[in-house]
Amino acid sequence: MERVHIRLKGCLQGVGFRPFVYNTAERLGLFGYVRNDSSGVELELEGQKVALEHFLVLLEEKKPRLAHIASRELQFLKPFGYADFQILPSTNHGPKESSVLPDIATCGECLKELADPNDIRFAHPFITCCHCGPRFTIVTGLPYDRPNTTMNAFEMCLACKAEYKNPLDRRFHAQPIACPSCGPTLSLFSKKGELLGQGKKALDKTLEAIKAGFTLALKGIGGYHLMADARNESAVRTLRERKGRANKPFAVMFPDLASIRRYALPSRLEEALILAPERPIVLVKSKPAILPDTIAPGLERIGVFLPYSPLHHLIFKALKVPLVATSGNFSEEPIVKDDDEALETLTRYADLILMHDRPIARRCDDSVLKVTGGMPTLVRRSRGYAPLPVRLPFRLKRKVLAAGGFLKNTVALGFEDQVILSQHIGDLSSFEAMEAYQRATKDLCALYDFKPALIVHDLHPAYPSSRWAKVQTKAPSVGIQHHFAHVLACMAENGLEDEALGVAWDGAGFGTDGTVWGGEFLACTYTGFKRLAHFRPLRLIGGELAQKEPRRMALCVLFELFGEEALQLKLPPTESFSKQELRVLFEAWKLGINAPLTSSAGRLFDAFASLLGVCQVSSYEAEAAMKLETLLSKETVSPYPFTIEAGMIDTLPMFAEAIRENLRGVPTERIVSRFLATLADVCFRVSVDAGIPQVCLTGGVFLNDPLTTRVQEKLKDGFRVFRHNHTPPGDGGISLGQAVYGGMIDLEQPPNFP
Ligand code: ZN
Ligand code: ZN
Ligand code: FE
């Protein structure tokens with residue numbers, strides 16, 4: 001007889017882990033107990049030595065699919081004399097560090113029951129089990145138990161309770177368990193706020209309305225979606241107009257994979273991502289001219305995804321058509337999650353509102369993935385992924401709260417050997433967004449009982465997240481350069497320990513010299529960096545406006561190359577302004593009035609898009625670069641000329657030749673391909689000069705598939721190229737880099753400490 005005490009940490013609560021332990025112990029004839037506490041799972045087993053050993057093997061091999069063991073502690077003790085095996089009530093003991101699970105799409109077994117007329121949960125929009133359903137969006141505290149979820153208000157019926165308490169059942173301790181007699185109810189409201197029906201009637205009326213071309217606001221897992229028939233051009237256009245969204249693409253939810261294949265061309269890897277239990281939106285090539293162009297105007301790819309809640313499944317099973325599914329919000333404001341707010345604001349965009357009475361504890365937008373350079377890359381990390389921790393290859397010195405960036409904001413908590421990134425919070429420019437930011441930060445800290453010893457923020461003094469961090473009184477704050485944070489995120493999630501060369505290319509970030517950076521080569525360790533090279537700074541004529549108008553970047557290039565003569569040129573950017581405007585812009589450029597300098601790589605894409613007549617004014621971030629992605633020639637091309645002197649990469653020779661080619665009538669595709677080949681060549685030349693074998697590609701520019709492919713190809717001999725696997729290369733990932741920095745620096749001599 002032997003006894004072993006085991007402490008496990010990781011993602012173990014709400015995944016059917018205790019029933020697994022119970023069943024396995026019973027089968028092996030082991031006695032003892034298992035219980036959840038705030039830091040994970042604790043169990044004790046007593047029995048024959050071989051049975052104990054067998055248990056430990058099965059623990060690794062047969063644990064539930066969603067369970068993830070991050071650490072285990074084993075202690076062998078004298079036998080105690082247990083008489084049976086029990087699942088004990090959860091305790092609140094221990095530090096709150098047990099991982100909360102993300103929301104997982106409805107599993108196959110639940111779907112079977114959903115479609116089975118003989119099952120008690122036939123057509124029940126809230127079916128879930130231990131292997132699927134909402135988690136992060138319903139949990140209100142730890143440990144993850146029914147009273148600590150938004151299902152607390154629903155009293156289980158006897159039948160549900162029996163399943164919940166039966167260790168052999170798939171719903172044993174499935175916290176959101178419900179059935180038609182005890183679970184939440186659907187309600188359908190009109191635009192005017194009248195109740196049109198409940199339960200099945202609400203669903204039936206919804207289906208009729210969508211078929212008739214109406215727009216629906218639907219309560220999902222992490223917030224409301226606005227939905228309309230994707231094949232109905234006027235319905236989609238109406239939605240665009242009401243949402244004040246000019247060109248930004250809409251995602252489309254399809255009934256099944258077969259239907260996606262009818263409209264788009266997913267690769268095998270993309271299909272696997274579409275089917276994953278996280279159910280992200282995946283950006284795939286669409287078949288031309290089948291869906292209305294207004295879904296993703298001028299883009300080759302559309303965002304597709306599959307139903308992930310039982311309610312989605314019920315709707316799509318009946319309708320069998322693709323629906324546009326976009327966040328229920330105005331412009332870039334936070335997604336609406338509360339029913340009152342939905343009735344108040346979403347009635348502006350939707351004809352009908354389908355809601356239910358299970359509250360959403362916190363908002364969580366859909367995640368977005370894209371395959372770039374042959375690898376799945378997160379564009380937005382949120383539902384399905386948050387709040388899973390990113391594991392580090394080292395321990396942080398202190399608890400760090402990372403305040404994140406400005407656009408695509410996420411915040412993060414760093415402690416021990418992990419960083420927990422929040423869900424996507426988004427663009428912080430509105431008052432509402434900043435409120436949501438503060439709530440999300442407070443909420444995440446409360447969930448983990450987290451008291452930071454240090455807050456890390458972006459160096460940009462005007463970012464609302466930096467300003468917020470600096471006025472917090474509970475912990476000191478320190479700033480970190482934007483692109484350095486990008487590189488650290490990439491280094492940390494790849495487990496790098498030595499110095500790396502970071503290629504940090506994005507739209508904009510505050511540089512240590514006060515100019516706008518964004519085309520940087522930084523030699524980095526976790527505590528400091530050296531700026532080895534950067535693109536030649538160009539003027540953002542009109543400041544902020546130049547970030548949104550690619551034609552202003554193109555003008556700057558033309559002024560640099562041709563001076564005043566540029567005013568006479570007949571090119572798309574010059575022709576998009578009046579003569580007077582051009583004159584004013586030229587003066588602004590010459591005198592440097594409201595024309596700050598930027599080394600941004602994203603702005604090079606802007607300049608090209610404008611010069612080639614692809615995009616003059618963009619209505620959403622990176623529109624120009626996304627439109628260029630479509631234009632590629634199949635032939636191999638040589639790079640354009642450029643020079644590197646004292647760390648400055650001068651791209652004017654490249655622009656000069658590209659403009660000459662354009663005027664000569666060389667195909668646009670060929671010019672774009674040569675541009676990308678040039679950027680890859682720049683990476684190669686700087687990497688060779690730097691002599692650092694590990695190269696990290698980071699920043700939003702690396703969401704560009706053809707560019708990433710070319711850079712990887714160019715660096716494949718002689719360099720180990722690292723990219724983001726667990727966080728987005730864009731600004732949604734910088735909170736990871738910030739947290740790592742804060743946890744690694746020496747506070748006595750912090751390089752950036754104010
Ligand atoms: Zn299930
Ligand atoms: Zn029930
Ligand atoms: Fe950035």
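When a ligand or atom number is given, it counts from 1 through the structure's own listing order.
Rounded to 10°, the angle formed at the Zn ion (ligand 1) by SG of C132 and SG of C129 is 120°. Computed with the Fe ion (ligand 3) at the centre, the H482 NE2 to H486 NE2 angle is 100°, stated to 10 degrees. Between C157 atom SG and C182 atom SG, the angle centred on the Zn ion (ligand 2) amounts to 120° (nearest 10°).
For the residue pair T727 / E493, a side-chain donor-acceptor distance below 3.5 Å is found, with atom types taken as modelled. Defined by atom type and a distance below 3.5 Å, a donor-acceptor pair is missing between the side-chain atoms of H356 and S187.
You'll find the ring centres of W468 and Y463 outside the 6.0 Å limit. Residues H173 and Y164 bring their aromatic ring centres within 6.0 Å.
Taking the Fe ion (ligand 3) as reference, D731 places its N/O/S atom OD1 nearest. The N, O or S atom of D506 with the smallest distance to the Fe ion (ligand 3) is OD2.
Other residues, nucleotides and ligands place no more than 12 heavy atoms under 6.0 Å from the NZ atom of K317.
Among the backbone and side-chain atoms of C110, an N, O or S atom lies under 2.8 Å from the Zn ion (ligand 1). Residue contacts to the Fe ion (ligand 3): H483 brings no N, O or S atom closer than 2.8 Å. Between the Zn ion (ligand 1) and C130 there is no N/O/S contact shorter than 2.8 Å.
A cation-pi arrangement, defined by a distance under 6.0 Å to the six-membered ring centre and an angle within 45 degrees of its axis, is absent between R380 and Y385.
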